[in-house]
Amino acid sequence: MLHDDDLEDAPDGADSAGPALMGPASDASGIPADLPTNAELGRLFGEIGDLLEIKGELVFKVVAYRRAADVIAACPVDLASAYLEGKPPRLAGVGQAISDKIDERVRTGRLGFLDRLSAELPLTLVDLLRIPGLGPRTVSQIYRDLGIATLDGLRVAAETGRLRGLRGISARTEQLVLSGIESLALQVQRLRLNEAEERIESIEAILRQAPGVRRVVPAGSFRRRRETIGDLDFLAETDNPAALLERFLAVPRIREVIAQGSHKAAISLRDGPNVDLMIMPPGEAGAYLVHFTGSREHNVRLRARARDLGWSLSEKGFLRIDPETGQALTGPAAERRTMATEAEVYAFLGLPFIEPELREDQGEIEAALAGRLPRLVSLDDLQGDLHSHSGWSDGTEPVEVMAEEARRRGRRYQALTDHTWSLQVANGLAPDRVEEQRGVIAALNARFEAEERAARLGTGRLPDGAAPPGFRLLHGCELEIRTDGRLDYDDDLLARFDLVVASLHVGRRQPREQLTARVLMAIRSPHVDVIAHPSGRKVLRRPDLDLDWDAIYVEAARTGTILEMNGSPDRLDLAVERARRAVAAGCLVAIDSDAHRIRELDDVRWGVSQARRAWVEPDRVVNTWEPERLLAWLAGKEARLIAAGVEPHRQPGAVA
DNA sequence: GCCGTTTTCGGCCCGACTGTTTTCAGTCG
């Protein structure tokens, strides 16, 4: 059995199709060829924000740069191209000043403001901010009083006792700085969702055993189902806070207790993330859940709205603001409101309930105010799964085991999509094995039908007792798009599958035009129904393919070719911003497991949460459809190509 | 620096914990 890594990475050696595009440093117009990505642009403005903060600039200006940096990095449109074309999109938080700076960076390759700033304050100071406990004021003081601007310099100063002379820094703080630098060096990566879930479940189990505990809720970015998780957050209701905190501070593999109070504590684990525990007074969970679930930006918006309504909002609930002073009233005069549920908190703000996955300040507040929140797809909406593997290629289980497991989960269809011929590293199927596999699947479906018929007649029962409304194993394949754009099977063979899922594992480093052309050819095939894991990325490990995404969305929408939202927590592909844009462009998606073993059949849930973050509604997801509707759609590809005036991409003759 | 059917000027979110203090600033989430 091959590990996924072998499958994904080994064929990259075949990246010999055509030389890399080595253009000149700039063309005749002086426009630099090394256009910055959105992530790089975002990083630049983040650095400006950091430097301004160290400089002691107005905090709102700092916040403005950081907010712009986030918006820029998350923007689904390639900003460099858009600015070059003179069509910069309107982004909330990016005004004239920052827009001009983006334009300058894109056109000239420079950013004068940052250059001037870093002449004043070394850019390396930004690194010092990453040390836990070291904020802008202290960094500024260290630089101005001691001239220290680098991590190395800081370590030497701490080791030789030069820091402790500064105001507010004792010998103990010096030690904290040293261990902080150390922890940076071995800083743990962010966790993928499934890794975060493992740790959360084990800690949650311990907390639940504490006496007096009523409720433990994992909150934070895990509850929002972000792609990667930094810290883990727990909220708890208990009659005995001391006992719960004691239990928390004794979980296995603690590296350090970071903070410890009467109602909250924070620890760091040896093998990973920081963990926060907050204890809620019974019956007041609403504002706590809101506060510790929403992103910082979402919460800022909520509190601003509360303020407009005359209330100050915190995790403790609402406090009436004194109109004279503008301050929250405290003490005996205080008027305080608490709620048991999040829905009540939102209602108090005049908003409908906002699902956790949407709480990112990506337009959900505006949509809530306008009554236009989406009805998000949920796991219960799914009728089936269009992408899975068996031992025939690189899965671990026999076909019948995967099928039985899918049926046991109540699905109405499961597509078996083993790899094709040319992906030999994954044991891809030659055409004769495809024929053989078709027979196996037909026999299985015949057996399932007989069992269901018998169950309906009362003369037999299904393996788990319950009679689902019918289950069908669909015969598909994961069709390799080769380096030259050819597809792995000819049209005659492709036409005989129930569905074809096409994907690209080889030649990943080709230039954008070539990669895009390969995907577009697959989209224009009369037999390709789904583009699987379209970006080819691996979460935290491998970047996206360099594709012309807008061209792909347009053509996928035009031809009714489905884009996959792959639920494997390693992939989560499409990413949220891409999926949101694809659906806005009219594309259909499928939420698939890409299971190679039984337990991975449940990975569709990560695909569902990813789709929810992308505001996807059920009807856009083809595997929420009834089997009849889905099969009719799959059968209609060629007719749609013709209707749309798209020249079908034919794949004639056998290709070896 | 951004933003606006209550504003083109004047706002811009809130509290706990820590460390070094003697009443609070800095940091963090």
Side-chain angles (χ1 to χ4, degrees), chain A residues 45 48-49 52-54 56-72 90-102 113 128-142 163-177 180 219-221 230-235 245 256-268 273-280 287-288 290-319 321 326-328 330 349 361 366 369:
Chain A
F45 288 100
I48 290 178
L52 288 177
E53 189 176 37
I54 295 168
E57 184 57 88
L58 191 68
V59 64
F60 297 112
K61 193 188 277 198
V62 174
V63 169
Y65 272 106
R66 294 217 172 115
R67 176 167 153 75
D70 290 344
V71 170
I72 288 164
R90 180 80 196 90
L91 298 178
V94 177
Q96 195 61 51
I98 291 181
S99 185
D100 287 347
K101 291 184 177 69
I102 298 175
F113 184 66
L128 305 193
L129 285 178
R130 287 164 49 225
I131 299 170
L134 223 53
R137 307 299 261 246
T138 316
V139 167
S140 170
Q141 197 195 2
I142 288 170
L163 289 186
R164 68 186 66 167
L166 298 178
R167 185 178 56 80
I169 295 184
S170 63
R172 179 174 148 68
T173 313
E174 228 166 32
Q175 284 309 306
L176 288 177
V177 166
S221 52
D231 296 347
L232 309 181
D233 297 296
F234 287 96
L235 291 172
L245 285 170
E256 182 190 2
V257 174
I258 299 168
Q260 178 180 2
S262 60
H263 283 78
K264 66 195 284 185
I267 57 175
S268 64
N274 292 352
V275 189
D276 292 349
L277 171 65
M278 267 74 55
I279 295 175
M280 315 181 276
Y288 278 86
V290 167
H291 182 88
F292 289 106
T293 298
S295 72
R296 175 183 301 253
E297 293 72 21
H298 177 86
N299 290 348
V300 166
R301 295 290 306 275
L302 293 186
R303 288 194 283 256
R305 179 157 178 83
R307 184 157 276 275
D308 289 346
L309 298 172
W311 297 86
S312 166
L313 171 62
S314 77
E315 67 269 34
K316 296 179 162 18
F318 293 94
L319 280 176
I321 290 172
Q327 301 292 309
T330 53
L349 293 169
D361 190 23
E366 290 79 0
L369 284 169

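Here is the naming used below: chain letters follow the sequence lines, and residue numbers restart at 1 for every chain. Bear in mind the structure is a predicted one, so any value in this text is a computation, not a measurement.
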With the criterion being N/O to N/O and under 3.5 Å, what pairs connect the protein with nucleotides 8-11 of chain B, and how long is each?
none

Nucleotide by nucleotide, 5' to 3', does protein get under 4.0 Å of the base (B), only the sugar-phosphate (S), or neither (-) in nucleotides 12-18 of chain B, counting heavy atoms? BBSSSSS
Mind checking side chain to side chain donor-acceptor pair (under 3.5 Å) for A:D361 and listing every partner two or more places apart, or none if nothing turns up? A:R67, A:R301
When the P atoms of B:dG4 and B:dT8 are considered, how many whole Å apart are they? 13 Å
The side chain to side chain contact (heavy atoms under 4.5 Å, CB included) partners of A:A64 (sequence neighbours excluded) come to none
Compare side-chain N and O positions of A:R67 against OP1 and OP2 of B:dC3 and report whether any pair is under 4.0 Å apart. no
NA contact type, A:A306, heavy-atom cut-off 4.0 Å: base, sugar-phosphate, or nothing? nothing
Show every salt bridge (charged side-chain N to carboxylate O under 4.0 Å, His left out) that has at least one partner inside residues 305-319 of chain A, sequence neighbours left out. none
Results of side chain to side chain contact (heavy atoms under 4.5 Å, CB included) for A:I131 - residues two or more places apart only: A:L134, A:L151, A:L154, A:I181, A:L184
Residues which pass side chain to side chain contact (heavy atoms under 4.5 Å, CB included) with A:R137, listed by chain and number, not counting sequence neighbours: none
Partners meeting salt bridge (Lys or Arg N to Asp or Glu O under 4.0 Å) with A:E297 (sequence neighbours left out): none
Once you apply a heavy-atom cut-off of 4.0 Å, does A:V59 come out as touching a base, just sugar-phosphate, or nothing? nothing
If I take atom CD1 from residue A:I169 and atom CD1 from residue A:I142, how far apart are they, to the nearest 0.5 angstrom? 4.5 Å
Mind checking side chain to side chain contact (heavy atoms under 4.5 Å, CB included) for A:Q175 and listing every partner two or more places apart, or none if nothing turns up? A:L178
